[in-house]
There are 2 protein chains.
Amino acid sequence: MGRTRTFDVNEALEAALGVFWRKGYEGASYADLVVATGVERPALYSAFGNKETLFLRALERYASNYANYVPAAIERSTARDVAEGVLFGAVELSTRFSDRTGCLGVNGALAGSDEAEQARAALIAWRADGEAALRRRFERARSEGDLPANSDCATLAAYVLAVAHGIAVQAKAGFAVDTLMAVARQALEGWPRSGNTLVAEQRL
Amino acid sequence: MGRTRTFDVNEALEAALGVFWRKGYEGASYADLVVATGVERPALYSAFGNKETLFLRALERYASNYANYVPAAIERSTARDVAEGVLFGAVELSTRFSDRTGCLGVNGALAGSDEAEQARAALIAWRADGEAALRRRFERARSEGDLPANSDCATLAAYVLAVAHGIAVQAKAGFAVDTLMAVARQALEGWPRSGNTLVAEQRL
DNA sequence: ACCTTTTCGTAACAAGCGTTATTATATCGC
DNA sequence: GCGATATAATAACGCTTGTTACGAAAAGGT
């Protein structure tokens, strides 16, 4: 019983996600959120709690609806394809919407006042989760001979995500898709070759 | 004539720089700046103008006193050494101070409200300057045969700085120096080899 | 020793922030 | 239709933001 909600909670969350994506946690004001969602302040509070919990829910949604290219890449069959999937996915997502470039996971709260500390911590933890999943995938590849036996999988995971983050920073600065795709391809140039094939290179 | 200043302008600017470095442009409040500099608000205004001009002066100082590892790297003798100098320099600076990790050029204003737009634009322009200088250096290397004739120097410059930015993001998340150094080394694995030497690789 | 000039520090400004009381409105069970 | 319940929107809350009047204090020139 009671009055029924006049707005769709998921639509409102999606709109709020967009604001956080563009302006970050602290840069997004409730005035912005009200305009973007079309929902008045008290309704946002009753539906999502305070700003921090709203941001966390937006991050959840971002992880499952936008940053899902990472788990998708992890399911690819070779470590190199995984790395490629992450990098190309980062380029694609970071440039998909011209009004919210870059990555919410990076834009959200890189630096800020003390009040943004919990949001920052949540983003750091989320990025660390992705990195751990990537590292485990590379470790599996190493055990399967898909990566050289002496590969440093933690470094490879950190490297791939570092490039992805750098791409997100550059996308936020307005870099073109083509430029960033070239960066991603360059990043794959030094990818370790599997140890059980004979490779001979020669350049003039 | 007139009363003499009781604080050192450069010391105050240095302290303000530290606050911007840690909290970014919008995250740094005048309350923070007053505490860090030991200078009251009106004195900061009379010495530096408003918050935006204070930030721009802090960025200038950052460029010349901290981010000078980039022009230093550019003076190295080979393109690979240049890339190494930028990447290792980014790691070193991003982890030099435990209370202000990462890079002011990235932390300063990646995302934010509309009021941070000019600070964002200044940071973007500054990073673009560094990238252009790096690209020109690589073009010189290419013309000297230090890089292959078909090298895409714009991509190489964007790539090196993308990794540097990604390293800065990870440093801000608390990554250890050793981890980031390993990332930087991995980033150099695919660096193009000079075209006038015969290279033969063989792995078992 | 005064007068001018510059800086200092307190205190205030309007505007914006995140958050919430409060009242009105719409829906459901009976 | 009536009472119970949940949401709607207006309006305000206290606090912080960046910025600035204002009067007190200190320095130099004549």
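Excluded from the calculations below are hydrogen atoms, water molecules and symmetry mates; all remaining heavy atoms, backbone and side chain alike, are included. In what follows, every chain begins at residue 1, and chains take the letters A, B, ... in the order their sequences are listed.
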Heteroatom pairs (N/O) under 3.5 angstrom, protein to nucleotides 16-19 of chain D:
unit_1	atom_1	unit_2	atom_2	d
D:dT17	OP1	B:S29	OG	3.4
D:dG18	OP1	B:A28	O	3.2
D:dG18	OP1	B:K51	NZ	2.5
D:dG18	OP2	B:Y30	N	2.8
D:dT19	OP2	B:Y45	OH	2.6
D:dT19	OP2	B:K51	N	3.0
D:dT19	O5'	B:Y45	OH	2.9

Could you pull out the protein-nucleic contacts involving nucleotides 5-9 of chain D (nitrogen or oxygen on both sides, under 3.5 Å)?
unit_1	atom_1	unit_2	atom_2	d
D:dT7	O2	A:R3	NH1	3.4
D:dA8	OP1	A:T6	N	3.0
D:dA8	OP1	A:T6	OG1	2.8
D:dA8	O4'	A:R3	NH1	3.1
D:dA8	O4'	A:R3	NH2	3.3

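A parallel orientation is assigned to the rings of B:Y30 and B:Y45, their planes being inclined by less than 30° (bins at 30° and 60°).
At whole-Å resolution of the value, CG in A:L54 and P in C:dC17 are 15 Å apart. C:dT19 atom P lies 14 Å from atom CZ of A:F55, rounded to whole Å. If you measure from atom CG of A:D114 to atom P of D:dC15, you get 18 Å, rounded to the nearest angstrom.
Without hydrogens or angle criteria, B:R100 side chain to B:W21 main chain gives no donor-acceptor distance under 3.5 Å.
With respect to the salt-bridge test (charged N to carboxylate O, under 4.0 angstrom), the residues B:R120 and B:E117 qualify. Ionic pairing of A:R127 and A:E131 is not present here: no N-O contact between side-chain nitrogen and carboxylate oxygen is shorter than 4.0 angstrom. By the 4.0 Å N-to-carboxylate-O rule, A:R185 lies too far from A:E189 to be salt-bridged with it.
Closest approach of B:L56 to B:A122, counting heavy atoms only: CD2-CB, 3.5 Å.
Between A:F138 and A:W191, the distance separating the two ring centers is shorter than 6.0 angstrom.
Applying the salt bridge (Lys or Arg N to Asp or Glu O under 4.0 Å) rule to pairs touching residues 18-32 of chain B yields A:D114-B:K23, B:K23-B:D32, sequence neighbours excluded.
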